[in-house]
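Convention: sequence-line order gives letters A, B, ...; per-chain numbering from 1.
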Amino acid sequence: MKIVESAELASFREQCRDWLQDNVPKNRPDDGDAMREFDLAWQAKQFEGGWAGINWPTEYGGRGASVLEQLIWHEEYALAGGPPSGCMFVALSHAGPTMIVSGNEEQKSKYLPTILNGTENWCQGFSEPGAGSDLASLKCKGEIDGDDLVINGTKIWTTYAQHARWQELLVRTDPNETRHRGLTWIVGDMKAPGLEVRPIKTMAGLEHFAQCFYDDVRIPLKNVVGEVNQGWKTAMTTLGFERGTGTVAHQIELATRVDRVIEAVKSFPGGADDVQLEMLAGLKSEVMALRSLTAASISRGMHETVPGAEGNIVALYFGELTRRVNAAAFDLLGPHSLERAGYNYPAHFLECFKWAIGGGTSEIRRNTIGERVLGLPKGPKAV
Amino acid sequence: MIVDLIPDEDQSAIEDTIVSFLADVLPVERLRDAKAHGGAAEAEVWGQICELGLFGLGLPEDQGGLGLGLPEEALVARALGRNLVSPGVLAQLCAPHLATDEATRDALISGEARATFGIADGYVLDGEGAEWIVVFGPGGASLRARSDLSLAATDGGLDHTMTFERIEGGAGNAQPALRLEVLIAAYLTGIAQATTDMAVDYAKQREQFGQPIGAFQAIKHSCADMATRASAADTQTLFAATVFGAGMDDAVEAAAARTLAKRASFENAKANIQTHGGMGFTDECDAHLFLKRAMVMDMLGSDARARRAALTA
Ligand SMILES: Cc1cc2nc3c(=O)[nH]c(=O)nc-3n(C[C@H](O)[C@H](O)[C@H](O)COP(=O)(O)OP(=O)(O)OC[C@H]3O[C@@H](n4cnc5c(N)ncnc54)[C@H](O)[C@@H]3O)c2cc1C
């Protein structure tokens, strides 16, 4: 246990801060093509400034720095009020890292630079109507025909599918195998004929995700990342590339929100009462714990090469805490919090439910913590 | 501020030494025998405890210490909490920091003079044999000679494995003691971890409906929540210890650690009782000892009002 922020890192932090201060764009549109254009343009700007892919290899346009610099960037980014990566999120935090770990040379040089310079973005087609928490039961079919894989079936909850150029697609290529065997991870082309994308409106009122329908969609076999029928392995190796640095921005944003509510409540005529302060103190300590949990997870990354299941603890904590924080604003601020103008508490509140669902629900995370961190038995058998 | 929260080799060595010593010499089971209560078990092996050289851990070398810091002390405090070691041992770790003269400090570091904790406006805990009392309340801590305090015996309190002597009259001269706040948080975190381990072990071994109860999600998820609460308290406490004195707001860091450690130790101790079913309600099962100890130790130092003030400042 020690402080690792050296003079060198501190000066890197300064550089980040200065650049962000001058360049962070404001007023991000929260939906539609305007949002897509905004997100890609901002990515391009970061690339030009030399700030894209801080811990990505230099040969693909990254900065080639360590995960610590990446962490500092995320911290300063959040403190500067940087916009969400939005339409670039999957490319930056999932597809790109998957390529770096499992892609071949040709794939890496084709896809990685276009992510970093903001020309092409990605979406993730894993979940299906019948396969959510139980992802390994997925059915969307891929059949080899000559040099192509022919895709038939459907994917759902695909975030920003309607805005994406490429898709991480996980399909069943061996119909005789079940569960996680016989799956293939392939780069889907969102412009391919036979693919229909139908946006779905969320409870927050935005078209955040979509359902994708594949009718004999042909994808060249050279788009397979890893090996045919080894797609589960490809999907799993990506986990942990970021070592939790990606959540740093959300954590700081949440901490800022708690501070904002504290300030607002204290500025009421008559000030805050003890019950309100007790609630706020609890939330404040929890956002600090979230920061420390994240720091611990990044620390483990400095020492171990393979991430454990402990990351689920941070994700569970964040998913549950963010709902409490955003709901507290309504309890503490009263009717004024209902209006969308100004700080827009309704949008934050409605949006935050996704964190305990997407990418693994809280219940599934508790199962994983119980079984893989604590070693409890799987089950139960029917009683 | 970027920190590495994983103990380095030397820190792990200190922790391993104390953990294996406590497992051998002061296991929690000792408290099933009333003869071990009130710090008597610790008094019996006091010489061995002193040989561990813990008490000057965080003091500079020119003050007779080892020149290490709060992170190392926190690892020790956490280990003491896990084994429900008498608060006197933790107080002995804190007391040299509060001593105002060299002779007293040296005697506390060597263990020649013994110390224990007193809750300000409350009780001296496990006071038998202690010459010095670290009186600790919301206003901070002061090191008082036992002979200067007016004490009255009691018939005992919530934790039947401890003794309580009522402090009559104020204790005065309290100094802010954020270091002690972090160490109490660490002790409580130890309780949160030990109760998680105990519940998980039982959930793996106890069978109902033809399978270990840990296969049922009601139990499994409760264990996952225990582990999560313990991690939150632990990482925050170690964070507070690691950045202590380095320019962050120590008062806020310590208040967060205390708040989370209180919640984790109380909630986990209760969940552990529930996980043990009927056995959990018995005197024979150690589960209740953790709840009682957590509730007493949390009365030391800051109260909810003080933490609220720090966290919402
Ligand atoms: C905002 C958002 C964005 C998303 N983006 C994407 C994306 O880009 N790409 C993609 O592929 N997917 C995406 N998803 C899908 C997401 O991964 C799934 O919604 C999630 O895995 C849950 O699956 P499900 O919706 O089918 O729910 P179900 O699995 O049907 O779960 C329903 C309920 O049952 C519970 N449950 C299920 N199994 C168990 C169990 N074994 N034990 C206890 N409880 C259980 C769940 O916890 C949940 O409460 C997104 C989801 C959201 C909300």
Side-chain angles (χ1 to χ4, degrees), chain A residues 1-6 9 13 68 71-72 75 262 265-266 272 274 276-278 280-300 302-304 310 312-314 316-317 320 362-363 365-371 373-381 383, chain B residues 1-8 11 69 71-72 74-75 196-197 200 203-204 208-212 214-217 219-228 231-243 246 252-253 255-260 263 304-305 307-313:
Chain A
M1 290 178 279
K2 58 175 187 301
I3 293 169
V4 290
E5 184 129 344
S6 57
L9 289 174
R13 188 185 285 284
L68 294 183
L71 170 63
I72 289 175
E75 282 183 0
I262 290 175
V265 173
K266 289 174 88 174
D274 282 353
Q276 292 172 323
L277 288 178
E278 183 66 25
L280 287 164
L283 293 172
K284 173 86 181 183
S285 67
E286 287 179 287
V287 291
M288 291 173 72
L290 181 64
R291 173 210 55 191
S292 300
L293 285 164
T294 307
S297 141
I298 289 161
S299 305
R300 274 194 300 278
M302 300 178 206
H303 297 267
E304 300 159 15
E310 288 89 355
N312 280 283
I313 291 183
V314 192
L316 172 65
Y317 202 81
E320 297 296 307
S362 289
E363 290 73 26
R365 295 197 188 283
R366 287 190 180 95
N367 285 345
T368 310
I369 295 164
E371 289 161 20
V373 180
L374 303 176
L376 291 168
K378 293 204 168 203
K381 298 176 290 199
V383 291
Chain B
M1 178 84 72
I2 299 198
V3 297
D4 179 356
L5 290 182
I6 310 292
D8 66 23
Q11 290 167 332
E72 289 78 11
L75 291 175
T196 304
D197 292 351
V200 168
K204 287 178 187 171
Q208 283 294 280
F209 300 96
Q211 55 208 308
F216 301 117
Q217 287 188 337
I219 297 291
K220 183 180 290 171
H221 288 191
S222 163
C223 290
D225 286 337
M226 291 172 82
T228 302
S231 285
D234 190 40
T235 55
Q236 174 57 28
T237 301
L238 297 183
F239 189 98
T242 303
V243 303
V252 178
E253 296 296 335
R258 282 293 306 261
T259 303
L260 295 157
R263 186 177 305 169
R305 177 183 296 273
R307 285 172 224 158
R308 264 200 313 265
L311 286 163
T312 62

So which part of A:Lys2 gets closer than 4.5 Å to some heavy atom of chain B, the side chain, the backbone, both or neither?
both
Any chance you could measure B:Thr259, atom OG1, to A:Met288, atom CE, to the nearest 0.5 Å?
9.0 Å
Heavy-atom distances under 4.5 Å only: say whether A:Glu286 touches chain B with side chain, backbone, both or neither.
both
Quick one: what part of B:Asp234 sits under 4.5 Å from any heavy atom of chain A, side chain, backbone, both or neither?
neither
Side chain, backbone, both or neither: which part of A:Ile262 has an atom under 4.5 Å from a heavy atom of chain B?
side chain
Non-neighbouring partners of A:Arg13 that pass side-chain hydrogen bond (donor to acceptor under 3.5 Å, both in side chains), sequence neighbours left out
A:Glu5, A:Glu75, A:Glu76
So does A:Val265 get a backbone contact from the side chain of A:Gln276, meaning a donor-acceptor N/O pair under 3.5 Å?
no
Distance-only donor-acceptor check, side chains A:Ser362 and A:Glu320, under 3.5 Å:
yes
Relative to chain B, which segment of A:Asp274 carries a heavy atom at a distance below 4.5 Å: side chain, backbone, both, or neither?
both
In this structure, CG of A:Leu316 is separated from CD of A:Glu363 (nearest 0.5 Å) by 9.0 Å
For B:Arg263, is it the side chain, the backbone, both or neither that has a heavy atom under 4.5 Å from a heavy atom of chain A?
side chain
When A:Gly379, A:Ser299, A:Ala295, A:Ala296 are compared by non-hydrogen pairs under 4.5 Å with chain B, the top option:
A:Ser299
Where does A:Ile313 contact chain B at under 4.5 Å (heavy atoms): side chain, backbone, both or neither?
both
Honestly, the part of A:Arg291 sitting under 4.5 Å from a heavy atom of chain B is side chain
Using heavy-atom distances under 4.5 Å, tell me whether A:Leu68 contacts chain B through its side chain, its backbone, both, or neither.
both
Output for pair (A:Asn367 CG, A:Glu371 CD), nearest 0.5 Å, gives 5.5 Å
Highest number of heavy-atom pairs under 4.5 Å with chain A: which of B:Arg307, B:Arg305, B:Gln236?
B:Gln236
From the list A:Ile369, A:Ile3, A:Leu290, the residue making the most non-hydrogen contacts under 4.5 Å with chain B is A:Ile3
Spell out, as yes or no, whether a donor-acceptor pair under 3.5 Å connects the side chain of A:Lys284 to the backbone of B:Ala310.
no
By side-chain hydrogen bond (donor to acceptor under 3.5 Å, both in side chains), B:Ser222 pairs with (sequence neighbours left out) none
